[in-house]
Amino acid sequence: MSEHTGSTEDTPDRRRIVVGYSGAEGSEPALTWAIETARRESRPLTILHCYGVAHVPALGTTAPDGQSELLASVADQVVEEAVSRAAAVLGREAVTGKSVLDSAAGGLVEESESAHLVVTGSHGRGRIMGGLLASTSYNVTAHATCPAVVVRDDASLHPDAEHRVVVGVDDSEPALRALDRAAEVAADAGAALHIARVIQPIVLDPQAQPELAPMGYGDTYTMHDARFVEEFRAFAEDATRELVERIQERFPDLEVTSEVVEDSPGLAIARAGEGAGLVVVGSRGRGGFAGMLLGSVSHTVIHHATSPVMVVR
């Protein structure tokens, strides 16, 4: 492993932002976003570049030792260029660069154990690493032990007075942790917070639950009784108001809005986040109405959102 830093001291672990950088076009927005976030929050930045022989084409007749040296040399060059760019904004002492013989997801998950935040791009191929960053972003958001942000090619926004923070909630503990983190980010950035709760009809299997068939219609039965839907929406709205009150007690100066939408959760949250400075979701957990798996919702949001997405475990 090679390391490049302008400081002889290790950066304070839990304060730092770690960004995965491959030198590819797809990872450029992630680096730019991480540099700006580190500047806004006065945090140190670690730039991580991962590489491996298995990820590159054959290097002709070069001996194995020579291949390793060549890969390490190119990796160091990628990191040095990125460190120079970040140092021009943050100062040399605030930036650390690492090139590691590892998978990108594995390296970032390991770094997440001692980081405030990890950042990845959404897709693209590196100069050395041939793996798609989409796969990396999904694996990192699923396994990172700190919040992870995925930045799409066109998502260079940040939370501020003109760009709100949007958070998707259900009844799970990860969603409540996501709400708390979203409120902290919004308050620190002077941004508004928008809470989106998405509900869905319960789809029933008529063969497994024939006694519930009168409540549905067609081949796939749905809880379509008007009174049931009305009562559940009222419950969801009450629960959401309680969340708004909880956040406003903690952050009395924070502008908080909310909505309850009956739709597909991942797509609805992505739509609510259009133009937002940040979209925040929990990593997993089941909602009270649909029994939805929030892990799949977070992946849908990452895939469709046009703003940066933070996944909180």
Side-chain angles (χ1 to χ4, degrees), residues 14 17 33-34 36-38 40-41 43 112 115-120 137 140-142 144-152 155-198 236-237 239-261 265-285 287 292 294-295 297-302 304-313:
R14 286 297 177 184
I17 294 172
W33 191 91
E36 176 61 14
T37 301
R40 287 168 174 249
E41 300 182 6
R43 294 184 180 278
S112 75
H116 173 76
L117 189 70
V118 293
V119 183
T120 69
S137 64
V140 172
T141 53
T145 57
C146 72
V149 172
V150 179
V151 183
R152 294 177 61 89
S156 59
L157 297 173
H158 293 266
D160 56 30
E162 297 180 356
H163 301 93
R164 66 185 183 176
V165 175
V166 173
V167 57
V169 300
D170 60 8
D171 302 320
S172 67
E173 285 300 320
L176 294 179
R177 288 192 289 271
L179 174 61
D180 288 340
R181 186 61 180 262
E184 292 171 1
V185 171
D188 289 344
L193 176 67
H194 183 70
I195 301 172
R197 179 186 285 266
V198 186
E237 290 174 348
T240 305
R241 276 193 293 269
E242 290 179 3
L243 294 180
V244 172
E245 292 172 0
R246 164 184 165 176
I247 294 302
Q248 288 181 326
E249 287 180 2
R250 185 178 174 192
F251 301 98
D253 295 329
L254 179 62
E255 178 187 343
V256 184
T257 58
S258 65
E259 66 177 322
V260 175
V261 181
L267 293 177
I269 294 170
R271 282 194 290 269
E274 290 181 2
L278 185 69
V279 178
V280 185
V281 292
S283 61
R284 59 175 58 84
M292 65 180 183
L294 195 57
V297 173
S298 63
H299 283 183
T300 301
V301 174
I302 290 169
H304 290 282
T306 56
S307 298
V309 178
M310 175 186 288
V311 179
V312 179
R313 290 179 62 85

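Along the sequence shown, residues carry numbers from 1.
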Asker: Taking the side chain as everything from C-beta on, heavy atoms only, tell me whether R241 gets closer than 4.5 Å to V260.
Answerer: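 They are not in contact (no side-chain heavy atoms under 4.5 Å apart), so the answer is no.
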Asker: Check whether any side-chain heavy atom of T257 lies under 4.5 Å from a side-chain heavy atom of R164, and answer yes or no.
Answerer: yes
Asker: Could you measure the distance from the CD atom of Q248 to the CG atom of D253? Nearest 0.5 Å is fine.
Answerer: 10.5 Å
Asker: Give, for atom CZ of R152 and atom OG of S137, the distance between the pair rounded to the nearest 0.5 Å.
Answerer: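 Between atom CZ of R152 and atom OG of S137 there are 9.5 Å.
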Asker: Which heavy-atom pair separates A276 from V166 by the least distance, and what is that distance?
Answerer: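 That would be CB-CG2, 3.9 Å.
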Asker: Do L179 and L193 come within less than 4.5 Å of each other through their side chains, counting heavy atoms only?
Answerer: yes
Asker: Taking all non-hydrogen atoms of both residues into account, name the closest pair between G168 and A175 and its distance.
Answerer: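 In this case the closest contact between G168 and A175 is O-CB, 4.5 Å.
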Asker: Are the side chains of E41 and D188 in touch, meaning some heavy atoms are under 4.5 Å apart?
Answerer: no
Asker: Taking all heavy atoms of W33 and all of L157, pick out the closest pair and write down the distance.
Answerer: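 Nearest heavy atoms, W33 then L157: NE1-O, 3.0 Å.
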Asker: Specify the closest pair of heavy atoms between L254 and A187, including all atoms of both residues, with the distance to one decimal.
Answerer: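 Looking at all heavy atoms of both residues, the closest pair is CD1-N, 4.0 Å.
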Asker: If you measure from OG on S283 to NE2 on H299, what distance do you get to the nearest 0.5 Å?
Answerer: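 Between atom OG of S283 and atom NE2 of H299 there are 9.0 Å.
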Asker: Write down the atom of A115, the atom of C146, and the distance for their closest heavy-atom approach.
Answerer: O-CB, 3.4 Å
Asker: Does M310 reach the side chain of V165, with side-chain heavy atoms less than 4.5 Å apart?
Answerer: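 No - every pair of side-chain heavy atoms lies 4.5 Å or more apart.
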Asker: Is there a side chain to side chain contact (heavy atoms under 4.5 Å, CB included) between L243 and L176? Walk through the geometry before answering.
Answerer: CA-CA 9 Å; L243 294 180; L176 294 179; 3.7 Å; yes
Asker: Ignoring hydrogens and angles, state whether a donor on the side chain of S112 or T145 is under 3.5 Å from an acceptor on the partner side chain.
Answerer: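 Indeed, the side chains of S112 and T145 share at least one donor-acceptor pair under 3.5 Å.
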Asker: Under a 4.5 Å cut-off applied to non-hydrogen side-chain atoms, are E184 and R250 in contact?
Answerer: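 Touching, per the 4.5 Å side-chain cut-off.
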Asker: Heavy-atom count check: over 12 atoms from other residues, nucleotides or ligands less than 6.0 Å from E255 CD?
Answerer: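 Not buried by this count: 12 neighbours or fewer within 6.0 Å.
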Asker: Given L117 and R43, is the side chain to side chain contact (heavy atoms under 4.5 Å, CB included) satisfied, shown in steps?
Answerer: CA-CA 10 Å; L117 189 70; R43 294 184 180 278; over 6 Å; no
Asker: For D180 and I247: C-alpha separation, side-chain torsions, deciding distance, then whether side chain to side chain contact (heavy atoms under 4.5 Å, CB included) applies.
Answerer: CA-CA 8 Å; D180 288 340; I247 294 302; 4.0 Å; yes
Asker: Working to the nearest 0.5 angstrom, can you tell me the gap between T240 OG1 and D170 CG?
Answerer: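 It comes to 10.5 Å.
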Asker: Are the side chains of H163 and D160 in touch, meaning some heavy atoms are under 4.5 Å apart?
Answerer: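 SC-SC contact between H163 and D160 confirmed.
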Asker: How far does CD1 of I302 sit from OG1 of T120, to the nearest 0.5 angstrom?
Answerer: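 With rounding to 0.5 Å, CD1 (I302) is 7.5 Å from OG1 (T120).
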Asker: What I'd like to find out is whether the side chain of V185 reaches to under 4.5 Å of the side chain of V280, using heavy atoms alone.
Answerer: no
Asker: Are the charged groups of R246 and E242 less than 4.0 angstrom apart, N to O?
Answerer: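 No, no charged N to carboxylate O under 4.0 Å.
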Asker: Closer than 3.5 angstrom, by distance alone: can the side chain of R197 be matched with the main-chain N or O of E237 as a donor-acceptor pair?
Answerer: no
Asker: On a heavy-atom basis, which atom in P159 and which in A189 lie closest, and how many Å separate them?
Answerer: O-CB, 3.4 Å
Asker: I'd like to know if the side chain of R313 and the backbone of A142 have a donor-acceptor N/O pair within less than 3.5 Å.
Answerer: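 Present.
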Asker: Once rounded to the nearest 0.5 Å, what's the spacing between atom CD of E274 and atom OG of S307?
Answerer: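 Answer for the CD-OG pair, E274 versus S307, is 8.0 Å.
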